[in-house]
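Read through the structure below, which is laid out as structure tokens, and then see the notes.
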Amino acid sequence: MSWKTIPTRALPPRRQRTATRIMQAILLGLLVHGLYTGAPKTITNAGIGLVITFLPAIIRRNYRFVLSPFLTLWITAAVFFHSLGSAGLYAQIEWWDHLTHTLSASVVAAIGYVTVRIIDLHHDEIHLPRRFIFAYIIIFVMAFGVIWELFEFGLDVFADQTGLTMPLAQLGLEDTVVDMMYNTLGAIIVATLGQAYLSGVSKEVRTQLFGTPENPEDGVR
């Protein structure tokens with residue numbers, strides 16, 4: 001079995017779409033619950049998460065750009081598990097934060113890979129070896145992780161100054177280091193196992209953005 005076909009064989013596209021809809025319904029339920037109980041964190045995270053899950057449909061409608069059901073499910077799962085964590089599971093389950101950081105980092109890694117792979121495919125004078133892309137994915141995710149931690153730190157400072165409740169918070173230096181470790185784990189998983197599947201995705205996205213390459217061999221690299 002090829003890595004490219006594992007997502008479809010493990011879970012057919014129709015069931016992938018069903019799983020996405022179920023998670024969206026639960027996010028909506030979390031949002032309603034947050035509004036009813038007056039929980040700002042739950043409202044913010046569930047609300048933003050729900051909006052993110054509809055981005056693939058909005059992009060498809062407005063730009064005729066179609067994401068595969070598996071990619072939509074992947075993105076939805078990342079925001080879904082984070083929203084569940086913010087609703088209480090982060091405090092109740094010690095490893096939940098590790099799970100969400102690994103999953104979210106894998107989405108960031110996938111976006112980074114697809115972007116650089118499209119550049120590689122679209123420009124004949126550019127050729128990026130697999131080893132370079134492996135290192136690039138890890139560095140890309142780690143850099144994004146640093147920016148994210150700085151963002152959380154900024155929210156903490158703002159919360160201290162204003163007394164407002166922020167949707168995200170840092171729990172200290174150890175928490176930041178552990179978060180970065182699991183971000184790196186997500187990057188390594190995608191860099192090691194995900195390139196075969198995402199290479200096909202990159203070719204599809206490249207075709208949707210720029211059309212079919214004049215030289216068919218450009219899409220084979």
Side-chain angles (χ1 to χ4, degrees), residues 7 10-62 67-111 141 144-145 147-172 174-176 178-183 185-186 189:
L11 194 65
R14 188 174 68 176
R15 292 189 177 181
Q16 292 173 14
R17 294 188 187 95
T18 300
T20 298
R21 298 292 177 267
I22 290 172
M23 285 188 280
Q24 287 175 325
I26 295 174
L27 283 173
L28 179 60
L30 281 176
L31 177 60
V32 172
H33 175 73
L35 291 169
Y36 180 76
T37 59
K41 264 192 172 182
T42 302
I43 294 171
T44 304
N45 285 289
I48 294 175
L50 191 60
V51 170
I52 291 173
T53 67
F54 282 103
L55 285 180
I58 295 171
I59 293 172
R60 181 176 66 246
R61 184 191 65 190
N62 293 344
L67 287 180
S68 71
F70 177 72
L71 286 178
T72 303
L73 176 61
W74 193 354
I75 294 169
T76 301
V79 297
F80 173 74
F81 284 111
H82 169 66
S83 297
L84 287 181
S86 298
L89 291 184
Y90 281 141
Q92 297 177 18
I93 303 176
E94 184 179 354
W95 49 262
W96 196 266
D97 187 50
H98 308 332
L99 170 66
T100 57
H101 269 275
T102 303
L103 185 56
S104 298
S106 72
V107 173
V108 173
I111 293 171
V141 171
F144 185 90
I147 295 172
W148 183 262
E149 295 299 329
L150 289 172
F151 174 67
E152 286 189 344
F153 177 76
L155 289 181
D156 280 349
V157 172
F158 184 76
D160 289 339
Q161 295 294 325
T162 62
L164 297 175
T165 301
M166 293 291 106
L168 301 168
Q170 282 187 322
L171 303 179
E174 181 179 349
D175 176 67
T176 298
V178 172
D179 287 349
M180 291 298 295
M181 288 174 57
Y182 282 95
N183 289 345
L185 175 61
I189 291 173

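Below, each value reflects all heavy atoms present in this structure, side chains not excepted, and no hydrogens, waters or symmetry copies. Index from 1, following the sequence.
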Counting N and O atoms only, with roles assigned by atom type, does the side chain of Thr44 sit under 3.5 Å from a partner on the main chain of Lys41, one being a donor and the other an acceptor?
-> no
Atom pairs and distances, side-chain donor-acceptor, residues 19-27, under 3.5 Å, sequence neighbours left out:
{"unit_1": "Thr20", "atom_1": "OG1", "unit_2": "Gln16", "atom_2": "O", "d": "3.1"}
{"unit_1": "Arg21", "atom_1": "NH1", "unit_2": "Gln24", "atom_2": "OE1", "d": "3.4"}
{"unit_1": "Gln24", "atom_1": "NE2", "unit_2": "Thr53", "atom_2": "O", "d": "3.3"}
{"unit_1": "Gln24", "atom_1": "NE2", "unit_2": "Thr53", "atom_2": "OG1", "d": "3.2"}

Just wondering, more than 12 heavy atoms not from Phe144 lying within 6.0 Å of its CZ?
-> no
With sequence neighbours left out, what residues match Leu99 under side-chain contact (heavy atoms from CB on, under 4.5 Å)?
-> Phe81, Trp95, Trp96
By side-chain contact (heavy atoms from CB on, under 4.5 Å) - contacts of Ile59 (at least two apart) | Tyr63, Phe65
Going by the side-chain contact (heavy atoms from CB on, under 4.5 Å) test, name the single residue among Val32, Leu35, Leu30 that passes it with Ile43.
-> Leu35
Taking atom CZ of Phe80 and atom CG of Leu103, what is their separation to the nearest 0.5 Å?
->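 Rounded to the nearest 0.5 Å, the CZ-CG separation comes to 11.5 Å.
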How many angstroms lie between OG in Ser68 and CH2 in Trp74, if you round to the nearest 0.5 Å?
-> 9.5 Å
Do [X] and [Y] have side chains that get closer than 4.5 Å, going by heavy atoms?
X	Y	result
Ser104	His101	no
Ile189	Ser106	no
Val107	Val79	no

Could you tell me how the ring of His98 sits relative to the ring of Tyr182: parallel (under 30°), tilted (30 to 60°) or perpendicular (over 60°)?
-> parallel
